[in-house]
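Just so we're on the same page: letters track the sequence lines, and every chain starts at 1.
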Amino acid sequence: MKQKIKIYNTLSGKKETFVPIIQGHVGIYTCGPTVYREIHLGNCRTFIFFDLIVRYFKYLGYKVRYVRNITDVGHLEDEGEDKISKRARLERLEPMEITQKYTLDFHHILSVLNTLPPNIEPIATGHILEQIELIVKLIDKGLAYEVNGSVYFDLKSYIQRYDYGILSHRNIEDLIANTRNLKAQNEKRYTLDFALWKKASPKHLMSWNSPWGKGFPGWHLECTAMSTKYLGNVFDIHGGGIDLKFPHHECELAQALGISEKNPVRYWIHVNLLTIKDKKMSKSSGHLILPSELFTGEKSFSANLIRFFMLQSHYRSVFDFSIQSLLSAEKGFHRLMKYFTTLKRLIAEKNRGLSTFDVKDWIQRCYDAMNDDFNSPKLISHLFEAGNLIESFVKGKEFLDIYDIQLLHRNMRNFLTEVLGVNIPSDLTVNHKLIDLLLEIRKLVRKEKKWDISDRIRNELFHLGYSLIDNEDGSTCLNPNF
RNA sequence: GGCACUGUGGCCGAAUGGCUAGGCAAAGGUCUGCAAAACCUUUUAUAGCGGUUCGAUCCCGCUCUGUGCCUCCA
């Protein structure tokens, strides 16, 4: 691999050069959604980011195995009812109907956002046996204990052998001092112990047989079961939202380390939050925006644009969502697309001479941006730089040899579509002759200064998705609305 | 309360021990039936106070601010 990628690893708190376990291969696991309602834009940010890195690894020629789970077991809320059951009751559906419905919704949204599907998408309820096996192993190793049909992770025993808190960088004394008292706590030997298996009450619909009676798996266990099953006891990258860092990922790490005696993950990547008005977006609080609200509505935005917009901020920064910044991204995006369209036209021209711009150096700067902890905003700024270059070329302020034009075009296209995953709107898909006829008519009526007719043609075409622009020389160009 | 992270121009957002991306917006101008666009030119920034350094926005300390995690969360 020619490009050396640096990744900020939560485990070490530093940027580290990425070295895969098996050369040329990379295994990535990310925590997928709990499918009890629609995913919101904050969720989308995380999935779009991991799509970016999967795409980049692929672009560099890595063989990627990307595993992203679906959590379809509801985890308990304070009232003792889990989220999926609660939603099922509210929507008057079976729990399985709820998970099916929102799994489909999740797939739909992610596909509209042009994310590549994972190579494996395991489902929590499809891995109950694996989870039970892990619990048995933990009990055998003295790292878990059963109480009244529930099984808990034995943290006191764990910390005699390993450090707890290495991922989220907390020390155990602080954790003890600040742990809340919850109802289930009286069953636990130690306040920080967490559930691996919970006994189900008779009315609990989603439950399975186990050596400890009917119950359901604990929150953290499914990810350990599914990640290690498909990626091995030690794999390259584990990711998720920053809000999963503690306790979820910390517990996952403890479980896996306890079972295999190996640190399970080489690089932990956490995506920062998407906020609105500087407050975290979250499903449970209801403070959120759904992607569908942006796709439809009075002023709608394309999924393409939303993707571009999200990638304009670095994944480790908090990103505050606002319509205003989305609008400014939209303008910039249109301009960039216009530059690219111009560039496409230039490929046909056979210029010979000495280029005044170092395209190869520009390409390497694009790679460098991505290599530096997946800095997509910086990559985008380079794309704009290329856009400005194209303008300067057209005006004769810069010169590019035909080979450089082709090189620039190929790389700009690839970085946009293959790496950033942004679709470039294709050329006109309508009947050219019909359009030409309309333009011809419009030209005639304009000569006669029948502005109402000419404006009507322009407006109608705009609603059909095309922008008419009258040029200074009397010609008119037609572009798709990006 | 504990532990983290953050603070860059009017807005969004990069980067960096010395020459500081990009986008949007703003102002003036060119063009124009109108519209939109485009183009040219221009302006504005590193929360505060100390310290290290020849030099800090970048490193260190303190203060203030905001946010996150500590409970389900991407």
Side-chain angles (χ1 to χ4, degrees), chain A residues 10 13 30-34 36 39-50 68 71 74-78 82-83 165 168-171 173-182 192 219 239-248 250 270-275 278-285 287-288 308-309 312-322 324-336 338 365 369 372 375-385 387-388 391-392 394-395 446 449-452 454-455 458-459 462 467-474 477 479:
Chain A
T10 307
T30 64
C31 295
T34 303
Y36 74 98
I39 59 163
H40 58 69
L41 279 182
N43 305 118
C44 294
R45 181 186 190 192
T46 301
F47 299 124
I48 288 173
F49 170 71
F50 284 105
R68 186 183 63 207
T71 299
H75 299 293
L76 294 181
E77 293 192 313
D78 285 347
D82 78 70
K83 289 180 170 169
S168 53
H169 307 291
R170 288 155 202 250
N171 70 61
E173 290 80 14
D174 290 340
L175 286 171
I176 296 164
N178 292 299
T179 303
R180 267 210 208 165
N181 286 322
L182 294 174
L192 292 177
W219 176 31
I242 200 168
D243 46 358
L244 294 183
K245 197 198 301 183
F246 187 90
H248 183 56
E250 195 70 63
H270 289 100
V271 181
N272 217 319
L273 300 173
L274 186 71
T275 58
D278 294 321
K279 290 282 177 208
K280 178 182 174 180
M281 224 181 256
S282 87
K283 281 193 224 187
S284 49
S285 67
H287 181 65
L288 51 80
F308 178 80
F309 172 64
Q312 263 188 313
S313 84
H314 187 86
Y315 78 92
R316 280 195 288 121
S317 311
V318 175
F319 185 36
D320 192 56
F321 177 88
S322 71
Q324 197 194 4
S325 48
L326 185 54
L327 284 169
S328 80
E330 184 181 42
K331 288 197 174 164
F333 182 62
H334 287 183
R335 215 156 63 79
L336 190 60
K338 206 158 280 178
R365 282 188 284 133
D372 184 13
N375 196 327
S376 53
K378 200 169 185 187
L379 171 61
I380 289 172
S381 82
H382 293 328
L383 295 177
F384 274 105
E385 189 192 340
N388 291 327
E391 275 299 314
S392 301
V394 170
K395 276 188 261 166
R446 285 186 77 211
K449 299 192 191 292
K450 290 180 179 166
W451 308 122
D452 52 334
S454 78
D455 288 352
R458 183 170 61 198
N459 290 338
F462 183 79
S467 300
L468 275 188
I469 293 159
D470 296 319
N471 294 322
E472 294 168 34
D473 58 2
C477 12
N479 282 314

**Asked** Given B:C34, B:U67, B:A74, which nucleotide is nearest the side-chain atoms of A:R458?
**Response** B:C34
**Item:** Rounded distance (nearest 0.5 Å) linking atom OG of A:S282 with atom CG of A:L274
**Value:** 12.0 Å
**Prompt:** Is any side-chain nitrogen or oxygen of A:K280 closer than 4.0 Å to OP1 or OP2 of B:C69?
**Reply:** yes
**Prompt:** Is there a side-chain polar atom (N or O) of A:K283 under 4.0 Å from OP1 or OP2 of B:A74?
**Reply:** yes
**Sidechain-backbone polar pair: A:S285 side chain, A:H287 backbone, donor-acceptor under 3.5 Å** = yes
**Request:** Could you go through the side-chain contact (heavy atoms from CB on, under 4.5 Å) check for A:L336 and A:F308 one step at a time?
**Result:** CA-CA 11 Å; A:L336 190 60; A:F308 178 80; 3.9 Å; yes
**Item:** B:C58 pairs with, by Watson-Crick or G-U criteria that keep both distances under 3.5 Å
**Value:** none
**Message:** Of the options B:A74, B:C12, B:G22, whose atoms approach the side-chain atoms of A:F384 most closely?
**Reply:** B:G22
**Asked** Counting side-chain heavy atoms from CB outward, which of B:C24, B:C12, B:U67 is closest to A:K331?
**Response** B:C24
**For B:A38, the Watson-Crick or wobble partner whose two distances fall under 3.5 Å** = B:U30
**Asked** What nucleic acid atoms does A:H169 come within less than 4.0 Å of, heavy atoms only: base, sugar-phosphate, or nothing?
**Response** sugar-phosphate
**Fill in**
Mate of B:U71 across any strand shown (Watson-Crick or G-U wobble, both atom pairs under 3.5 Å) is none
**Item:** Ring centroid separation A:F319 to A:F309 under 6.0 Å
**Value:** yes
**Prompt:** Quick one: is B:A15 close enough that its OP1 or OP2 comes under 4.0 Å of any side-chain N or O from A:N375?
**Reply:** yes
**Request:** Just compare B:A74, B:C72, B:A38 and give me whichever is closest to any side-chain atom of A:H40.
**Result:** B:A74
**Message:** Given B:G13, B:U67, B:A74, identify the nucleotide with an atom nearest to the side chain of A:C31.
**Reply:** B:A74
**Message:** At less than 4.0 Å, is any side-chain N or O atom of A:T30 found next to OP1 or OP2 of B:A74? Yes or no.
**Reply:** no
**Asked** What nucleotide among B:A14, B:A74, B:C3 has an atom nearest to a side-chain atom of A:H314?
**Response** B:A14
**Verdict with reasoning, A:T275 to A:D320, per side-chain hydrogen bond (donor to acceptor under 3.5 Å, both in side chains)** = CA-CA 5 Å; A:T275 58; A:D320 192 56; 2.6 Å; yes
**Message:** With rounding to the closest Å, how many angstrom separate the P atoms on B:A25 and B:G61?
**Reply:** 41 Å
**Item:** OP1 or OP2 of B:G23 under 4.0 Å from side-chain N/O of A:N388
**Value:** yes
**Fill in**
With the side chain defined as heavy atoms from C-beta on, A:S313 is closest, among B:G13, B:G68, B:C72, to B:G13
**Request:** Go through B:A74, B:C69, B:A37 for me and flag the one nearest to the A:F246 side chain.
**Result:** B:C69
**Request:** Compare the minimum distances between each of B:G2, B:A74, B:G68 and the side chain of A:D243, then state the nucleotide with the smallest one.
**Result:** B:A74
**Asked** A:R335 side chain N/O closer than 4.0 Å to the phosphate oxygens (OP1, OP2) of B:C24?
**Response** yes
**Item:** Integer angstrom distance from the P of B:G50 to that of B:A14
**Value:** 30 Å
**Complete:** Side-chain contact check for A:F319: nearest option of B:G33, B:G2, B:C12 is B:C12
**Asked** Base, sugar-phosphate, or nothing for A:D455, non-hydrogen atoms under 4.0 angstrom?
**Response** base
**Fill in**
Walking RNA chain B from its 5' end, the first of A:V318 and A:E391 to be reached, judged by nearest nucleotide, is A:V318
**Prompt:** What distance, rounded to whole Å, do you find between the two C1' atoms, one in B:C31 and one in B:A38?
**Reply:** 9 Å
**Request:** Could you say whether A:L274 or A:K245 is positioned toward the 5' end of RNA chain B, judged by the nucleotide with the nearest heavy atom to each?
**Result:** A:K245
**Message:** If I pick the P atom on B:G66 and the same atom on B:G7, what distance separates them, to the nearest angstrom?
**Reply:** 15 Å
**Prompt:** Does a side-chain N-to-carboxylate-O contact under 4.0 Å join A:R365 and A:E385?
**Reply:** yes
